[in-house]
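Notes follow the structure.
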Amino acid sequence: MTTTDGSGDLQRGRTTPAARVYLDHAATTPPDPGVIEAMLPYLREQWHNPSSIYVEAQRTAQAIDEARATIARCVGADPDEIVFTSGGSESDSLALRGVLAASTRRGRHLVTTSVEHHAVLDTAEQLERDGVAELTIVDPGSDGRVDPAAVAAAVRDDTVLVSVMHANNEVGALNDIAEIARLVRARNPRTAVHTDAVQSAAHLGVHVDRLGVDLMTFTAHKLYGPRGAGALYVRAGTPLAGQILGGGQERRLRAGTENTPAIVGFAHAMALASDRREADLAHERALQARLVDELPRRVPMLALTGPRRLADRLPGNVSCAVAFVEGESILLALDLAGIAASSGSACTTGSVEPSHVLMGMGMPAELARGSLRFTLGRDNTDADVDRLLTVLPPIVERLRALSPVPTNDPPAEYRPWLDAETGRG
Ligand SMILES: Cc1ncc(COP(=O)(O)O)c(C=O)c1O
């Protein structure tokens, strides 16, 4: 997607701003203009509290009912099985805390993976620290995908919840959630299965029966909707205790006056994503294939991360690690050149921790420090891809020239990652 902010070019002293290129759709997506239009009446005129009794409030309540029905239809659920939240983090938290709290008599064992989003991992770890959960963390393979048999092998008689993400937000690895759910159930039919589908919902059909899940997290702002609205799908009969208490909203599972404009925008965005799915998918796959193909050719010692087969990876996601350069330095240089991208890892107070996802996949920490993530969206063009392919190689070359260590002789442990032929397969 190109925008004409052009601050990068101004910093280089040009007078005409060139278009900026946005390659960070996994972080958030621009709200679709139709989504904004759909939201406006609920900001301007229909702002009433849907819990009130008068006619204006009831109209607002009806808009929420309609949004719930639309979203339920998009994921193959019953409207009563959709709980609105503020977004993906809250939905993940509600799934983990809510199931554990409602299942104390049956057990407290929780299974998840080392490459989950921090909304799941940090919640799981806090539940363990607080003595609420006993945790088993399963590592993925070196391509970031989780082996369904390994997840099932971790399930015990007292396992109350398994939480495995559908698509990884950093390396785009797609997990076979249907197979995971099938094997988990075969081992313990009483174990609930949760998936974080925040990244996949934008690109793939996320149908709760086809995935076979009891709980599913998704959020509006990753699919061209607004920030501030998400949902947790909760299959009828799944034990879940509300975690935000107060008003009786969302069938007592999530108190708080509803964010009507954001909920309406969320439903509009979901319906649009369904309508456009095939066209968007083909477009993003084509751009993704070009980058996956060209990047390792143009940038020496660049390791693609995540699954090699496009069918095993999230459309639009291209992730890699560049040896001997900090990912953050590359990102700053890309920003100056007009390209917005991400490293995929968290950056805290100046010290850049290598990505927990790449570490979970077994990548050496030093190589993981060079991680980059480009995530394409429906408005990106071939010209955007050309621009990245032109701009990135000289940036890497320039930064490597500044490196205090020799950059032409990668250590042996980098080899399996850098060698595309013999690599992670
Ligand atoms: C996989 C995954 N889960 C959860 C979240 C959190 O979603 P939200 O920003 O809506 O809280 C994100 C956001 O990056 C994500 O990528």
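We count ligands from 1, going down the list as the structure has it; atoms in each ligand are counted the same way.
In this model, no donor atom of one side chain and acceptor atom of the other lie less than 3.5 Å apart for Thr195 and His166.
Thr305 contributes a side-chain N or O that, together with a main-chain N or O of Ser319, makes up a donor-acceptor pair within less than 3.5 Å.
Both tests hold for Arg378 against Tyr224: distance to the six-membered ring centre under 6.0 Å, angle to the ring axis within 45°.
Every protein residue with a heavy atom nearer than 4.0 Å to ligand 1 is included here: Gly87, Gly88, Ser89, Asp92, His117, Met165, Asn169, Asp196, Val198, Gln199, Thr219, His221, Lys222.
Shown are Gln249, Glu250, Arg254; of these, the side-chain contact (heavy atoms from CB on, under 4.5 Å) with Ile244 is made only by Arg254.
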Could you walk me through whether Gln58 and Gln62 pass the side chain to side chain donor-acceptor pair (under 3.5 Å) test, one step at a time?
CA-CA 6 Å; Gln58 288 313 299; Gln62 193 184 337; over 6 Å; no
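Here Val391 pairs with Leu334, Ala337, Ile339, Arg387, Ile395 under the side chain to side chain contact (heavy atoms under 4.5 Å, CB included) rule; sequence neighbours left out.
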